[in-house]
Number of protein chains: 2
Amino acid sequence: MPVTRWFADAAWLGGDTAATDVLIEAADGRITAVVPGAEQPADAEHLRGLVLPGLANVHSHAFHRALRGRTHRGDGTFWTWRDDMYALAAVLTPDTYRDLARAVFAEMVLAGVTAVGEFHYLHHAPGGRPYADPNAMGEALLDAAAEAGIRITLLDTCYLRGGFDRPLEGPQRRFGDGDADAWGERVSALRPSGDARVGAAVHSVRAVPPEQLGTVAGWAEARRAPLHVHLSEQRAENEACLAATGRTPATLLAEAGVLGANTTAVHATHPTDDDVALLGGSRTTVCFCPTTERDLADGIGPARALADAGAPLALGSDSNAVIDLLEEARGMELDERLASERRGRFRTAELLEAASAGGHAALGRQGGGRIAQGAPADLVAVALDSVRLAGARPETVLESAVFAATAADVHAVVIGGRRLVAEGRHTTIDVPRALTAAIEAVLP
Amino acid sequence: MPVTRWFADAAWLGGDTAATDVLIEAADGRITAVVPGAEQPADAEHLRGLVLPGLANVHSHAFHRALRGRTHRGDGTFWTWRDDMYALAAVLTPDTYRDLARAVFAEMVLAGVTAVGEFHYLHHAPGGRPYADPNAMGEALLDAAAEAGIRITLLDTCYLRGGFDRPLEGPQRRFGDGDADAWGERVSALRPSGDARVGAAVHSVRAVPPEQLGTVAGWAEARRAPLHVHLSEQRAENEACLAATGRTPATLLAEAGVLGANTTAVHATHPTDDDVALLGGSRTTVCFCPTTERDLADGIGPARALADAGAPLALGSDSNAVIDLLEEARGMELDERLASERRGRFRTAELLEAASAGGHAALGRQGGGRIAQGAPADLVAVALDSVRLAGARPETVLESAVFAATAADVHAVVIGGRRLVAEGRHTTIDVPRALTAAIEAVLP
């Protein structure tokens, strides 16, 4: 079995500082040895700068990328954003969806994302009629990820109604399977290939009636598949849920068996103190999406309190208005600072953990997102020689990466031992060109 | 007089959308003609992408750049940050200060900043003894700006005490001139050359006794020079000021004649409603520094309320933990969204205005920061072909630039008709190398 060797000037192997002169060996896509303080062998590929484990983007709606920069016109309210998003959802086909997602996933790879959780609810043809292959849209996403070279967990989403007292309307009809059993039947027919995974998602407490939540949770539990759910992103969701059920969204989910160590709650921007205790106590992962939560004016969720209560944290680019996991990582800390008026809410290693191992685990990839023997050989090299990082020193290079680097500083990416990014370019896809073509095809 | 011509694919000439195919002519450093919808002449330099007017960085402490990424170690509190900053302030000399500022100003030029306001308080040798030339440190900054090619307004800062009831201590002794008259005498001896300007600053209500505020304000008024002041960045400043004087900082400044159309208040993070009315009613510019206000856990200031009350807005990179005026611009809007839970608080043109014409005016450069006949020929070209901007369309290209571009997308910069950045590189300075050398010289 051929062995590949990389030599990193510095690498994060866990803990509060980076190791230096690290030799990393892999075979068959997995890391077989990690040796800090090594000599550089002649046959090792040199990864300059700081090497991080593959980053995990735990919450993505790939097609929203087409809206980047386009939803702020005039006074750019939440409603102009939703109008734009629904107009786009109305026109996508399996072909255009695949092309767009392929380009977006490739943009993620350029940013050092080696595993993505695609929260996928655009299932059916316009009007809600199933395609000849009822999983045509999900398969388009699986194909797109394979082409881009990224590991995907397709979080196939159950989305049955438009609100507590509203049916699916307009473009939303494309989202619906009728009921959770029909949803499960369709999803069970998905046959991911290679390293792709299928997980389950409840869109939100608005979109799945309480008595059907257990069906989705049961589907995930039977398969040991990850289960994701949007939670309390807006105050209006909390109020509507209380009015309709007498419970907060987190309480409703807990009673239906949706929370737990296999579950990821996305956002958790407006939980009550009891909700925080429920999420933490059940070891539910909470996925923050700071750049989207800023963009959509959601507010600042209690990340520190959730972590203290026992919830593992993860990060997502969500609307893909920004694709930069380093910015998401510092965003979680910096938004905490704005809300608390205190610095140093998270150690840098905690932020990196959320962007890597915490995220991989939330995507059903336990053991991923670490540079350690036995882990998948996913490596991300951050250059330290740009104007942004110039002057960084070894003792605080992790802080430099998290607080001063951007996705533009990622110069090399390895996924499963295979080089996907070299000198800042994707090895098989011209990403700006692919993005432009795919977006113009759907938003001319 | 030789005429230079540039041809922009798109350019922001004011208003809510960009003009296309814009011919810009300049002579002797000023714009002589602006023609949208033009043919591209053979002798015009092509500026691809979107051309913006020169950006203004209204609030900088250049030397803080050396601390980037280094102040978050452990749990990185405000106090570890201040310890680091004072340790650095203790060791700078005129030579190392010039070298560091030259590199930092060059980094700003790469980011499209054509005018900087350097809030300068590190005046004297360690212990507080004046240098043989008492303005040696200020002149180092003026030289640095000239070498980097940036327009500077040196905001020479009066800093007389360590707090309401504390003298200057330790490294702070380097900041003090004894009293405001001595400060004025020293500053009056500064002879800026070329386009450099000298303005005045009151460090804060903590650092200048109330009865001496009028001396600084009078110095600025007599010279029609800009006057800047840190205001209500932390709640502790408000509390100490109330305890010591019975007034809020803004009230104290208003009574001393410090507020007005010639004045810029920096931060204004924690003003009372009355303070907002005072600032707006006096037409005091308020300079927000969102990336620093996040980093230092200051909180979110009421930018929209201040603008509604009549205060013009400007933007600054302050601690230079980030140098990216586009990020500051979107940061002001996005942090407003987090605080208000509403989108669309500012029109994109308002954000651009704060980053350009509003900022130039705050630096005593009225009429700058516009692409218009008679304005200084400062132009910034933002590429639209990176992964970040791919898919941008002409109708919303301003939104794309403000919400999706970064300093890394600035590929060409012209200052006073002279090309300072080409293909993303400074034409005379290797900026990463200069930063590394200058930082290692002071923080080995």
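Everything numeric here is computed off the predicted structure, so don't read it as measured data. Worth knowing before you read on, the calculation uses all heavy atoms, side chains too, and leaves out hydrogens, waters and symmetry mates. Below, chains carry the letters A, B, ... as their sequence lines are ordered, and counting in each starts from 1.
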Enquirer: Using a 3.5 Å distance criterion without hydrogens, assess whether the side chain of B:Arg70 forms a donor-acceptor pair with backbone atoms of A:Ala392.
Expert: no
Enquirer: Of the backbone (N, CA, C, O) and the side chain (C-beta and beyond), which part of A:Leu296 lies under 4.5 Å from a heavy atom of chain B, both, or neither?
Expert: both
Enquirer: Please look at A:Glu293 and chain B and tell me whether the side chain, the backbone, both or neither of the residue comes under 4.5 angstrom of a heavy atom of that chain.
Expert: backbone
Enquirer: For B:Asp295, is it the side chain, the backbone, both or neither that has a heavy atom under 4.5 Å from a heavy atom of chain A?
Expert: both
Enquirer: Would a distance-only check, ignoring hydrogens and angles, find a side-chain to backbone donor-acceptor pair under 3.5 Å from A:Arg294 to B:Glu336?
Expert: no
Enquirer: Heavy-atom distances under 4.5 Å only: say whether A:His270 touches chain B with side chain, backbone, both or neither.
Expert: side chain
Enquirer: Please give me the minimum heavy-atom distance between B:Arg68 and A:Ser400, naming the atom from each residue.
Expert: O-OG, 4.3 Å
Enquirer: Which heavy atom of A:Ala390 sits nearest to which heavy atom of B:Thr436, and what is that distance?
Expert: CB-OG1, 3.6 Å
Enquirer: What part of B:Arg330 lies closer than 4.5 angstrom to a heavy atom of chain A: side chain, backbone, both or neither?
Expert: neither
Enquirer: What I want to check is whether the side chains of A:Arg343 and B:Thr71 have a donor and an acceptor closer together than 3.5 Å.
Expert: yes
Enquirer: When only pairs under 4.5 Å are counted, which of B:Val387, B:Thr269, B:Leu435, B:Leu334 shares the most heavy-atom pairs with chain A?
Expert: B:Val387
Enquirer: Counting heavy-atom pairs under 4.5 Å with chain B, which one of A:Leu338, A:Asp298, A:Ile439 comes out on top?
Expert: A:Leu338
Enquirer: Using 0.5 Å steps for rounding, measure from the CG atom of B:Leu110 to the CZ atom of A:Arg388.
Expert: 10.0 Å
Enquirer: Give, as side chain, backbone, both or neither, the part of A:Asp324 having an atom under 4.5 angstrom from any heavy atom of chain B.
Expert: neither
Enquirer: Quick one: what part of A:Arg433 sits under 4.5 Å from any heavy atom of chain B, side chain, backbone, both or neither?
Expert: neither
Enquirer: Non-hydrogen atoms of chain B under 4.5 Å away: do they reach the side chain of A:Arg342, the backbone, both or neither?
Expert: backbone
Enquirer: When you check the gap from the basic side-chain N to the acidic O, do B:Glu341 and A:Arg235 get nearer than 4.0 Å?
Expert: yes
